[in-house]
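Note sheet for the following structure.
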Amino acid sequence: MKARSNVDASPPTVNEAQALSPAASLFHSLSDPTRLAILRHLAVGEHRVVDLTTHLGLAQSTVSAHLACLRDCGLVTSRPQGRASMFSLAAEPRLMELLAAAERLLAETGDAVDLCPNHGSAARTERGE
């Protein structure tokens with residue numbers, strides 16, 4: 001006998017899909033490994049762009065573009081400090097809870113997500129990401 005799921009397996013209606021659009025946007029903002037690495041560094045405290053470029057070994061323009069994405073999504077904030085900007089996590093406790101929950105889920109599923117033909121590492125490499 002099959003176990004019954006608490007989740008309705010029927011396809012979402014248009015209204016449901018529209019209601020889930022912000023959640024999909026949130027997960028899309030977290031879908032880039034560089035953005036996740038930036039968030040991990042910001043979890044220990046504020047950083048300047050130059051600090052992040054040194055930590056990550058990436059070009060300043062690349063880090064700045066990812067920070068702009070994260071800021072536009074409301075996940076990081078910045079404040080001026082002299083000629084530089086200091087970046088930090090916005091909604092830190094909830095964002096850290098979400099990332100911790102993702103790590104727990106990854107631990108349970110192993111490499112299955114990374115092996116996904118649509119979104120896994122091979123698919124990202126094929127798309128040039």
Side-chain angles (χ1 to χ4, degrees):
M1 177 182 269
K2 288 186 178 181
R4 216 172 149 185
S5 171
N6 291 337
V7 178
D8 185 1
S10 62
T13 65
V14 172
N15 289 339
E16 282 180 296
Q18 287 172 342
L20 293 171
S21 181
S25 295
L26 170 66
F27 286 110
H28 187 70
S29 72
L30 299 172
S31 69
D32 186 272
T34 299
R35 288 194 292 272
L36 288 173
I38 289 170
L39 292 174
R40 177 174 280 170
H41 283 286
L42 293 177
V44 297
E46 288 184 311
H47 284 355
R48 299 173 300 162
V49 173
V50 68
D51 301 328
L52 293 167
T53 60
T54 300
H55 290 305
L56 300 169
L58 297 171
Q60 180 271 328
S61 59
T62 300
V63 172
S64 292
H66 284 293
L67 284 167
C69 172
L70 292 167
R71 186 180 55 232
D72 291 345
C73 292
L75 299 176
V76 302
T77 60
S78 64
R79 65 174 181 81
Q81 182 175 347
R83 292 178 32 193
S85 293
M86 298 297 291
F87 288 86
S88 60
L89 296 179
E92 180 180 359
R94 287 168 298 287
L95 181 56
M96 296 314 298
E97 289 169 13
L98 176 63
L99 295 175
E103 287 185 16
R104 288 190 302 272
L105 181 58
L106 287 170
E108 287 183 29
T109 61
D111 292 332
V113 170
D114 202 37
L115 297 174
C116 173
N118 296 312
H119 302 293
S121 59
R124 287 192 309 273
T125 300
E126 189 175 299
R127 290 190 302 266
E129 296 177 15

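Source: prediction; values computed, not measured.
- Although no hydrogens or angles enter the test, the distance criterion places no donor-acceptor pair under 3.5 Å between the side chain of Arg35 and the main chain of Leu70.
- Side-chain contact between Leu98 and Phe27 is present, with heavy atoms from C-beta onward closer than 4.5 Å.
- By the 4.5 Å heavy-atom criterion applied to side chains, Thr53 and Thr62 are not counted as neighbours.
- Using cut-offs of 30° and 60° on the angle between ring planes, the pair His41 and His47 is tilted.
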> Between Glu103 and Arg40, is a salt bridge (charged side-chain N to carboxylate O under 4.0 Å, His left out) present by the stated rule, with each step listed?
Replying inline: CA-CA 12 Å; Glu103 287 185 16; Arg40 177 174 280 170; 3.3 Å; yes
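- At most 12 non-hydrogen atoms from other residues, nucleotides or ligands lie less than 6.0 angstrom from NE2 of His28.
- Ion pairing between a basic and an acidic side chain is recognised when a charged N comes within 4.0 Å of a carboxylate O; Asp114 and Arg124 show such pairing.
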> Please walk me through it: do Leu36 and Leu99 pass side-chain contact (heavy atoms from CB on, under 4.5 Å)?
Replying inline: CA-CA 9 Å; Leu36 288 173; Leu99 295 175; 4.0 Å; yes
Which donor-acceptor pairs under 3.5 Å do side chains of residues 72-82 form with protein atoms, sequence neighbours excluded?
unit_1: Thr77; atom_1: OG1; unit_2: Ser88; atom_2: OG; d: 3.2
unit_1: Arg79; atom_1: NE; unit_2: Glu46; atom_2: OE2; d: 2.8
unit_1: Arg79; atom_1: NH2; unit_2: Glu46; atom_2: OE1; d: 2.8

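- Following chains of ILVMFWY side-chain contacts shorter than 4.5 Å, one can reach Ile38 starting from Leu58, so the two form part of one hydrophobic cluster.
- In this structure, the separation between OG on Ser21 and CG on Leu26 is 11.0 Å, given to the nearest 0.5 Å.
- Nearest heavy atoms, Thr109 versus Val113: OG1-CG2, 4.3 Å.
- For the pair Gln60/Val49, a side-chain contact is recorded, criterion being any heavy-atom separation below 4.5 Å from C-beta on.
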